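Everything below concerns the one structure shown next.
Keep in mind that what you see is a predicted model, and the values were worked out from it rather than measured. Each chain gets a letter, A, B and so on, in the order the sequences are listed, and its residues count up from 1.
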Amino acid sequence: MSTSASPVDDLLAAADRQWRTLGVQRGDRLALGTDLRAELEAAQADGLAPAELLGADPAAFARRLAEEAGVERLPPRYGPILAAAFFGAVVALIVGFVLATGLHEAFVAAFDLPRSVHVPVWLAGGGFYAGVAAVTIAGSVFTVRVLLRDAPRIRHTTTRMALLLPPAVAAAVAAAVAFGNALDYPLTPFAIGAEVAIVLVGFLATTVLARRWSITSGGTAEAGGRP
Amino acid sequence: MYRMIAVDDAAERQAQLLRGSLDMCLLALLAAEPAHGYELVRRLDTAGFGAVSYGTVYPLITRLHRLGLVANALEPSPTGPPRKVYRLTDTGHERLSAWREQWIQFAGVVNATLDVKGTSA
């Protein structure tokens with residue numbers, strides 16, 4: 001339900017929604033909206049109904065206007081990016097686990113540490129799982145880069161994923177461990193599911209953030225064709 | 001039923017013809033006299049194009065502005081906020097001349113072709 005004060009506000013809100021869907025940059029949306037508001041308010045003052053001016057489909061009007069204005073469009077494509085990131089992460093997680101296990105066994109067989117050397121369990125475990133996590137993140141980023149190579153600004157997105165995912169996944173894992181610790185690490189479906197969900201939500205939210213960052217920064221070319 | 005199809009077909013045909021020539025006609029109307037957006041809609045109607053919507057004209061004016069063929073200036077209105085009035089730029093005048101020549105030549109070829117078909121039918 002609309003709470004806008006005027007028909008002009010309603011139309012501009014509908015147009016802005018369409019421009020967002022099309023991936024029109026914020027600066028361009030603002031400029032297109034300002035110009036359109038001035039036109040519609042002037043027409044309204046002359047006794048013309050703004051809704052009649054734009055026709056029955058303001059979204060189609062907004063789409064046409066964005067096309068004719070030649071504004072840069074960067075559709076977010078969150079769905080395909082999340083799907084590719086998730087798929088790549090799952091495959092890489094399996095590969096990483098097999099790889100880390102294999103390397104661990106190979107090193108144990110090849111090297112015999114002297115008894116004086118004590119490797120803390122947390123360090124060994126941390127190294128193992130950090131290796132698996134690194135392969136998982138790398139696989140996810142690589143998959144997004146390859147599968148969505150034609151998406152605009154995908155290189156920026158994967159660069160930001162590579163930057164943001166390691167600390168975010170580390171934080172999510174820490175949160176999952178804290179959650180498990182609070183419950184005394186029960187091996188119930190609920191506890192394990194919740195821990196997986198915490199890490200997964202952290203991973204996916206960070207991927208969305210990386211994409212959002214890449215399409216909202218540096219791509220704010222002015223809409224040269226605004227009337 | 002047949003009549004409805006014929007009317008739809010004629011409207012669709014009219015829309016197709018308009019699509020290829022509306023930008024040129026807008027330039028011509030603005031060359032005659034600067035105007036604001038919905039005034040152009042009225043002028044198109046008066047010129048005989050029928051009801052061309054503002055939703056068609058405004059995006060087109062946006063393109064012409066992007067191409068540097070029209071410029072705009074805010075002018076005070078007696079009825080409300082200032083209105084954006086469009087006028088042709090020098091580039092717009094040059095482009096209109098070129099498009100006009102091209103159109104006349106093209107229309108001549110089309111007319112000649114139609115005349116030949118008409119006499120042989």
>> As an exercise, state the distance from CG of A:L65 to CZ of B:R63, rounded to the nearest 0.5 Å.
In response: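 Reported to 0.5 Å precision, the distance equals 12.0 Å.
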
> Could you give the distance from NE2 (B:H65) to CG (A:D35), rounded to the nearest 0.5 Å?
Replying inline: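 Taking NE2 in B:H65 and CG in A:D35, the distance rounds to 8.5 Å.
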
> With respect to chain B, which residue among A:A66, A:A42, A:A60 yields the maximal number of heavy-atom pairs within a distance under 4.5 Å?
Replying inline: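 That would be A:A42.
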
[X], [atom1] atom: more than 12 neighbouring heavy atoms under 6.0 Å:
X	atom1	answer
A:F179	CZ	yes
A:Y78	OH	yes
A:F86	CZ	no
B:Q105	CD	no
B:D90	CG	no

>> Quick check on A:L36 against chain B: is it the side chain, the backbone, both or neither that has a heavy atom closer than 4.5 Å?
In response: both

>> Under a 3.5 Å cutoff, is there a donor and acceptor pairing between the side chains of B:Y58 and A:E68?
In response: no

> Does any heavy atom of chain A fall under 4.5 Å from the side chain of B:P82, the backbone, both, or neither of them?
Replying inline: backbone

>> Measuring only between side-chain heavy atoms, which start at C-beta, is A:F61 closer than 4.5 Å to B:T56?
In response: no

> What residue in B:G37, B:S77, B:G55, B:A71 has the most heavy-atom pairs under 4.5 Å with chain A?
Replying inline: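 Option with the greatest count: B:G55.
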
> Between A:E39 and B:Y86, which heavy-atom pair has the shortest distance, and what is it?
Replying inline: OE2-OH, 3.1 Å

>> Quick check on the structure: residues of residues 52-59 of chain A within a heavy-atom distance below 4.5 Å of chain B, by number.
In response: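 Against chain B, the residues of residues 52-59 of chain A that fall inside the cut-off (heavy atoms, under 4.5 Å) are A:L53, A:L54.
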
